[in-house]
Peer 1: 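After the structure tokens below, expect a handful of questions from me.
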Amino acid sequence: MKYRARDLSIGGLFGALGVAVPILFHMVNMGMVFLPMHLPVLICGLYVSAPVAFAVGVVTPLISSAITGMPPLIPTGVLMPLELGVLAGSASLFSRKLKLPVILSVMLAMTAARLVGGLERVIIAPMMGLQQGFVAYLAFSVIESWPGIALQLVVAPIVVRVLKTKRNC
């Protein structure tokens with residue numbers, strides 16, 4: 001399947017931001033709280049096709065882990081790619097295919113990603129010696145990262161609106 005050059009270049013840009021932005025947040029010890037890799041990946045999903053968005057979501061944490069050591073490959077680097085792939089891919093499906101409003105697309109994509117993250121904690125994490133239940137993961141992830149969730153809910157729609165008014169993206 002061929003993808004438009006626009007999707008690939010935007011995907012590359014947001015993938016690079018997904019590696020660079022967390023470095024800034026981790027410098028001030030705010031990485032886990034503000035989910036800095038999630039934001040560029042989510043915004044990417046609102047702009048590109050679902051397959052490209054999914055690929056950016058999967059590859060970004062792997063590249064970041066290889067270049068910066070963040071996230072650590074085991075266990076986060078193994079679990080995070082699918083969660084971010086679902087975040088970006090579902091954002092694309094909700095906003096571009098189903099034409100849902102941006103804020104609703106963001107909320108549904110974040111929910112889908114959290115559900116996949118919870119399933120990973122039940123299915124994959126025990127293979128790495130980690131024991132965390134589905135509900136415990138969901139509760140912990142929402143409580144710990146509520147500032148990042150709020151940031152995504154506020155910033156993603158604003159960025160989409162600004163970019164769409166500056167240039168028809």
Peer 1: What's the separation between atom CZ in Phe14 and atom CD1 in Ile43, rounded to the nearest 0.5 Å?
Peer 2: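 The CD1 atom of Ile43 is 5.5 Å from CZ of Phe14, to the nearest 0.5 Å.
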Peer 1: Between the main-chain N or O of Leu46 and the side-chain N or O of Arg96, is there a donor-acceptor pair closer than 3.5 Å?
Peer 2: no
Peer 1: Cluster question for you: counting only ILVMFWY and a side-chain heavy-atom cut-off of under 4.5 Å, with indirect links fine, are Leu84 and Leu79 together?
Peer 2: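 The answer is no; the residues belong to distinct hydrophobic clusters.
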Peer 1: Please examine the side chains of Gln132 and Glu120, heavy atoms only from C-beta on, and report whether any two atoms are closer than 4.5 Å.
Peer 2: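 No; the side chains remain at least 4.5 Å from each other.
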Peer 1: Applying side-chain contact (heavy atoms from CB on, under 4.5 Å), name anything that partners Phe134, two or more places apart in sequence or on another chain.
Peer 2: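 Phe134 satisfies side-chain contact (heavy atoms from CB on, under 4.5 Å) with Leu115, Leu119, Val122, Leu138 only.
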Peer 1: Between Arg114 and Ser145, is any side-chain donor less than 3.5 angstrom from a side-chain acceptor?
Peer 2: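 The criterion, which ignores hydrogens and geometry beyond distance, is satisfied for Ser145 and Arg114.
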Peer 1: In Å and rounded to the nearest 0.5 Å, what is the CZ to CZ distance from Arg121 to Phe140?
Peer 2: 10.0 Å
Peer 1: Could you check whether any side-chain N or O of Asp7 sits under 3.5 Å from a backbone N or O of Ser49, counting only pairs where one atom can act as donor and the other as acceptor?
Peer 2: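 Confirmed, Asp7 side chain pairs with Ser49 backbone.
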Peer 1: For Met128, does the CE atom have more than 12 heavy-atom neighbours from other residues, nucleotides or ligands under 6.0 Å away?
Peer 2: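 Yes, the 6.0 Å shell around CE holds more than 12 heavy atoms from other groups.
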Peer 1: Tell me, do Val106 and Leu42 make a side-chain contact under 4.5 Å, heavy atoms counted?
Peer 2: yes
Peer 1: Ignoring hydrogens, what is the shortest heavy-atom contact between Ser105 and Ala91? Give both atom names and the distance.
Peer 2: CB-O, 4.4 Å
Peer 1: Quick check: closest heavy atoms across Val159 and Tyr47, and the distance to 0.1 Å?
Peer 2: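 Looking at all heavy atoms of both residues, the shortest contact is O-OH, 3.7 Å.
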Peer 1: If I take atom CD1 from residue Ile149 and atom CD from residue Glu144, how far apart are they, to the nearest 0.5 angstrom?
Peer 2: 10.0 Å
Peer 1: In Å, rounded to the nearest 0.5 Å, how long is the span from CE of Met37 to OG1 of Thr76?
Peer 2: 10.0 Å
Peer 1: Does the side chain of Val86 come within less than 4.5 Å of Glu83's, by heavy atoms?
Peer 2: no
Peer 1: Give the minimum heavy-atom separation between Met107 and Thr111, together with the two atoms involved.
Peer 2: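 Looking at all heavy atoms of both residues, the shortest contact is O-OG1, 2.8 Å.
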Peer 1: Looking only at heavy atoms, which two atoms of Ser95 and Gly45 are closest? And how far apart?
Peer 2: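 Closest approach of Ser95 to Gly45, heavy atoms only: OG-O, 4.2 Å.
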Peer 1: Does Leu163 belong to the same Ile/Leu/Val/Met/Phe/Trp/Tyr cluster as Leu153, with side-chain heavy atoms less than 4.5 Å apart forming each link?
Peer 2: yes
Peer 1: Which donor-acceptor pairs under 3.5 Å do side chains of residues 50-71 form with protein atoms, sequence neighbours excluded?
Peer 2:
| unit_1 | atom_1 | unit_2 | atom_2 | d |
| --- | --- | --- | --- | --- |
| Thr60 | OG1 | Val56 | O | 2.6 |
| Ser64 | OG | Thr68 | OG1 | 3.4 |
| Ser64 | OG | Met70 | O | 2.5 |
| Ser65 | OG | Pro71 | O | 2.8 |
| Thr68 | OG1 | Ser64 | O | 2.7 |
| Thr68 | OG1 | Met70 | N | 3.1 |
| Thr68 | OG1 | Met70 | O | 3.2 |

Peer 1: How long is the span from the CG atom in Leu87 to the CG atom in Leu82, to the nearest 0.5 Å?
Peer 2: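 So the CG of Leu87 and the CG of Leu82 are separated by 11.0 Å.
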Peer 1: For Tyr137, does its backbone N or O pair with a side-chain atom of Ser141 as donor and acceptor, under 3.5 Å?
Peer 2: yes
Peer 1: Looking at CG of Leu98 and OG of Ser90, how far apart are the two atoms once the value is rounded to the nearest 0.5 Å?
Peer 2: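 The distance works out to 10.5 Å.
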